[in-house]
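Computed from a prediction, not measured in an experiment: that's the story for all the values here.
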Amino acid sequence: EVQLVESGGGMVQPGGSLRLSCAASGFTFSSYAMSWVRQPPGKGPEWVAGINLGGSTIRYADSVKGRFTISRDNAQNTLYLQMDSLKSEDTALYYCARRAGTSWSEYDYWGQGTQVTVSS
């Protein structure tokens, strides 16, 4: 079965950094584009970043450009999200998701999520 397991979340102060990981299994990871999405408390999901099969094409939401970096290691079936200069508005449950269709905001599988809380 398809499994996506996120880790690396936690509580950090504004301006701090975190690195999220997503371990993928149950499918050929290198054959799929992947995305990170997040869901702030009380709000709907928000697409954050996307990366194509080989990592040559990367896209970010305007809200995280210049601060977040998405990457992947196909040999290890792992997706990453490096988050720097964190702000309180970055507080959310973060999910990795397998892309579906032709849009970065479309996906068919996602993990259980990892919580990121930015607070002093």
Side-chain angles (χ1 to χ4, degrees):
E1 65 185 63
V2 173
Q3 289 190 323
L4 299 169
V5 181
E6 301 93 338
S7 62
M11 179 177 287
V12 297
Q13 295 184 343
S17 298
L18 282 175
R19 192 190 195 200
L20 307 183
S21 298
C22 171
S25 62
F27 67 100
T28 304
F29 180 71
S30 60
S31 295
Y32 289 86
M34 300 292 294
S35 293
W36 285 97
V37 299
R38 67 186 182 186
Q39 187 169 12
K43 300 181 179 180
E46 173 191 11
W47 176 81
V48 174
I51 186 168
N52 74 340
L53 277 62
S56 59
T57 299
I58 293 173
R59 297 288 184 269
Y60 298 98
D62 289 342
S63 59
V64 306
K65 284 182 179 178
R67 300 188 299 118
F68 289 12
T69 303
I70 188 172
S71 62
R72 66 191 298 162
D73 185 340
N74 285 340
Q76 297 296 320
N77 292 348
T78 304
L79 180 72
Y80 300 99
L81 185 67
Q82 176 67 44
M83 305 184 295
D84 299 318
S85 302
L86 284 162
K87 305 174 181 179
S88 59
E89 51 263 44
D90 294 319
T91 295
L93 187 62
Y94 283 72
Y95 301 90
C96 68
R98 193 175 80 172
R99 180 181 169 178
T102 59
S103 172
W104 290 112
S105 61
E106 300 176 24
Y107 46 88
D108 56 3
Y109 289 95
W110 56 92
Q112 84 288 348
T114 185
Q115 180 66 41
V116 172
T117 301
V118 184
S119 176
S120 60

Rounded distance (nearest 0.5 Å) linking atom CZ of R19 with atom OG of S71 | 5.5 Å

Mark yes when over 12 heavy atoms from residues, nucleotides or ligands other than W47 sit less than 6.0 Å from its CH2; otherwise mark no.
-> yes

Which heavy-atom pair separates S21 from T78 by the least distance, and what is that distance?
-> CB-CG2, 4.4 Å

Output the distance between atom CZ (F29) and atom CG (D73), rounded to the nearest 0.5 Å.
-> 8.0 Å

Answer whether the closest heavy-atom distance between the side chains of W104 and N52 falls below 4.5 Å.
-> yes

Would you call S120 and P14 a side-chain contact if the rule is heavy atoms closer than 4.5 Å?
-> yes

Point-to-point distance, once rounded to the nearest 0.5 Å, from OH of Y109 to CG of L4 = 10.0 Å

From W110 atom CH2 to C96 atom SG, the distance as rounded to the nearest 0.5 Å = 12.0 Å

Under 3.5 Å, is there a donor-acceptor pair between the side chain of T91 and the main chain of V118?
-> yes

Could you give me the CA-CA distance, side-chain angles and deciding distance for M83 and F68, then say whether side-chain contact (heavy atoms from CB on, under 4.5 Å) is met?
-> CA-CA 5 Å; M83 305 184 295; F68 289 12; 3.6 Å; yes

Mind checking the CG-CD spacing from L86 to Q13? Nearest 0.5 Å is all I need.
-> 11.5 Å

Check the side chains of Y94 and R38 for a donor-acceptor pair under 3.5 angstrom, ignoring hydrogens and angles.
-> yes

Find out if a path of hydrophobic residues (ILVMFWY) with successive side-chain heavy-atom gaps under 4.5 Å connects L79 to Y32.
-> yes

Residue pair E89 / S63, side-chain heavy-atom distance below 4.5 Å | no

Could you grab the distance from atom CZ of R59 to atom OG of S35, nearest 0.5 Å is fine?
-> 12.0 Å

Would you check, one step at a time, whether the test side-chain contact (heavy atoms from CB on, under 4.5 Å) holds for R98 with M34?
-> CA-CA 5 Å; R98 193 175 80 172; M34 300 292 294; 4.0 Å; yes

Could you pull out the closest heavy-atom pair between L93 and Q112, with the gap in Å?
-> CD2-O, 4.2 Å

Hey, are K65 and D62 close enough for a salt bridge, meaning a charged N less than 4.0 Å from a carboxylate O?
-> yes

Candidate pair L20 and Y95, rule side-chain contact (heavy atoms from CB on, under 4.5 Å), full reasoning = CA-CA 10 Å; L20 307 183; Y95 301 90; over 6 Å; no

Do side-chain atoms of N74 reach the backbone of L53 as a donor and acceptor pair under 3.5 angstrom?
-> yes

Check D84, I70, V48, L81 against V64 for a side chain to side chain contact (heavy atoms under 4.5 Å, CB included) and give me the one that passes.
-> V48

Passes side-chain contact (heavy atoms from CB on, under 4.5 Å), W36 versus E6? Steps please.
-> CA-CA 10 Å; W36 285 97; E6 301 93 338; 4.0 Å; yes

